[in-house]
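See below for the structure under consideration.
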Amino acid sequence: MTHHQGRHFLQIPGPSPVPDRVLRAMDMPVIDHRSAVFGELGKAVLGGSQKIFQTSGPVLIFPSSGTGAWEAAIVNTLSPGDKVLMVETGHFAMLWQKMARRFDLDVEFMPGDWRHGADPAAIEARLAADKAHSIKAVMVVHNETSTGVTSRIADIRKAIDSVGHPALFLVDTISSLGSADYRHEEWGVDVTVSCSQKGFMLPPGLGFNAISEKARAAAKTNKMRRSYWDWEEMLKLNADGFFPYTPATNLLYGLREAIAMMLEEGLENVFARHKRLAAATRAAVEHWGLEVLCQDPAEYSPVLTAVMMPPGHDADNFRKVVLENYNMSLGAGLSKLAGKVFRIGHLGECNELTLLGALTGVEMGMSLAGVPHRAGGVAAAMNLLEERSKANMPGHLKLVTK
Ligand SMILES: *Cc1c(COP(=O)(O)O)cnc(C)c1O
């Protein structure tokens with residue numbers, strides 16, 4: 001292994017880099033999770049999480065990865081044999097549907113080309129045809145991390161409502177929450193699944209479910225067995241800031257800090273920053289003469305950009321060249337995209353100069369790996385970011401630049 005000085009550039013779309021402020025906030029003694037002090041921490045993070053999910057309803061926090069939170073969503077709302085409608089947006093949608101089948105759900109999987117999001121019109125047509133209301137849930141991945149495509153959740157909600165279908169709406173926001181605009185309550189989502197190590201800027205280890213009244217009512221009568229993931233057990237103790245089993249105390253310290261950082265910046269500004277960085281990334285990719293995997297500009301992900309390798313070039317070899325020479329990790333192509341795409345994460349603790357460093361590593365790596373491209377993509381990204389900065393510059397700074 002080559003020895004590298006300086007910070008590693010972790011430009012994968014999760015886990016994302018953890019801000020120093022969050023790391024310091026977690027550097028605390030573990031406390032008694034039945035103590036009054038813990039209760040205050042518990043209440044702070046449960047209340048704070050509601051702001052990030054944009055909901056006034058309960059948010060549950062499990063010591064788990066995102067996969068655990070997927071499972072919690074399923075076992076609390078559905079019964080074996082229930083029909084559910086899912087959409088093949090990419091690798092993560094494939095994994096969630098595999099899990100659903102393991103729980104004996106009758107999955108109808110709408111095929112997709114991995115370059116588009118879930119189609120609201122197709123969902124509407126399918127639900128309209130389901131006159132008997134046999135479909136119990138619609139399950140969609142908001143930001144498909146394997147492709148860099150973001151599905152239009154508000155439009156899917158409208159599609160469900162327009163045909164008056166009573167199905168529950170379950171959404172995976174594992175890589176989007178805290179990076180892309182997402183409104184659990186306004187968009188009428190019943191269960192929003194998320195986790196800590198992507199937009200939340202925390203280490204892995206926390207899984208989230210934000211739930212609606214309708215989802216909670218479904219949990220009272222559904223037939224799926226569960227114990228560890230049971231919402232009601234958790235909600236009973238959460239009322240006073242406590243948990244039914246030992247929570248991930250130090251991750252909760254980190255969560256409190258991460259929520260504070262997002263609210264200080266302002267969620268709107270957080271979302272605008274991600275869009276800006278994503279636009280700059282696409283400007284670079286376009287200049288290089290490469291293709292972004294996502295085909296619909298209305299579905300470009302603000303979280304990551306998946307870039308297609310020119311035919312005859314291996315994305316994994318290119319990523320290895322970048323890692324060995326410039327100490328930067330880029331995301332790999334997953335399952336059927338292996339070797340065909342690489343992914344640039346621009347989420348969480350990321351700003352203009354971090355991104356430009358990352359894009360520089362990509363451009364230099366392409367030269368080293370012999371990937372055909374037009375030089376100057378970084379300059380194209382710089383131009384875009386400069387224009388955006390000029391447009392946003394406060395008045396007192398504009399004066400001195402006259
Ligand atoms: C990362 C990811 C998952 C899996 O989360 P884990 O924490 O690895 O279990 C699921 N869905 C999406 C969209 C993801 O990005």
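Since this is a predicted model, take the numbers as computed values, not measurements. Atoms within each ligand, like the ligands themselves, are counted from 1 in listed order. Note: hydrogens, waters and symmetry copies are ignored here, and every other heavy atom, side chains too, is used.
- Close approach of ligand 1 to S65 is summarised as follows: ligand atoms under 4.0 Å from at least one heavy atom of the residue are 6 (P), 7 (O), 9 (O).
- In this structure, W187 and Y182 have perpendicular ring planes: the angle between them is above 60°, well past the 30° mark.
- Taking every non-hydrogen atom of D172 and a distance limit under 4.0 Å, the qualifying atoms of ligand 1 come out as 10 (C), 11 (N), 12 (C), 13 (C).
- Contacts between I174 and ligand 1 below 4.0 angstrom, taking non-hydrogen atoms only, involve the side chain exclusively.
- Given atom 2 (C) of ligand 1, the protein heavy atom at minimum distance is K198 NZ, 2.6 Å.
- R24 and D27 are not joined by a salt bridge, as no carboxylate oxygen comes within less than 4.0 angstrom of a charged side-chain nitrogen.
- In the model, N76 has no side-chain atom that pairs as donor or acceptor with a side-chain atom of W229 under 3.5 Å.
- Close placement of the H133 and H165 rings is indicated, their centers lying within 6.0 Å of each other.
- From the protein, the heavy atom lying nearest to atom 8 (O) of ligand 1 is Q197 NE2, 4.0 Å.
- A donor atom on one side chain and an acceptor atom on the other are not found under 3.5 Å apart for H142 and T173.
- N143 and T150 share a donor-acceptor pair across their side chains, judged by distance under 3.5 Å alone.
- Remark: ligand 1 atoms within the under-4.0 Å shell around heavy atoms of S175 are 15 (O).
- Between G66 and ligand 1, an N or O atom pair is found at a separation short of 3.5 Å.
- Between F208 and F200, the ring-plane angle classifies as parallel under the 30° and 60° cut-offs.
- Ligand 1 has no atom lying under 4.0 Å from any heavy atom of E144.
- Contact annotation: N143 has at least one heavy atom less than 4.0 Å from an atom of ligand 1.
- Any N or O atom pair closer than 3.5 Å counts here, and W70 shares no such pair with ligand 1.
- Atoms of ligand 1 found under 4.0 Å from any heavy atom of V141, numbered from 1 in the order shown, are 13 (C).
- A side-chain donor-acceptor contact under 3.5 Å links N209 and W231.
- Ion pairing between K390 and E387 holds under the 4.0 Å rule for side-chain N and carboxylate O.
- The T145 neighbourhood of ligand 1 comprises atoms 12 (C), 13 (C), 14 (C), 15 (O), with distances under 4.0 Å to a heavy atom of that residue.
- Proximity of W96 to ligand 1 is not established, as no heavy-atom distance is less than 4.0 Å.
- Shortest contact from atom 9 (O) of ligand 1 to any protein heavy atom: T67 OG1, 2.5 Å.
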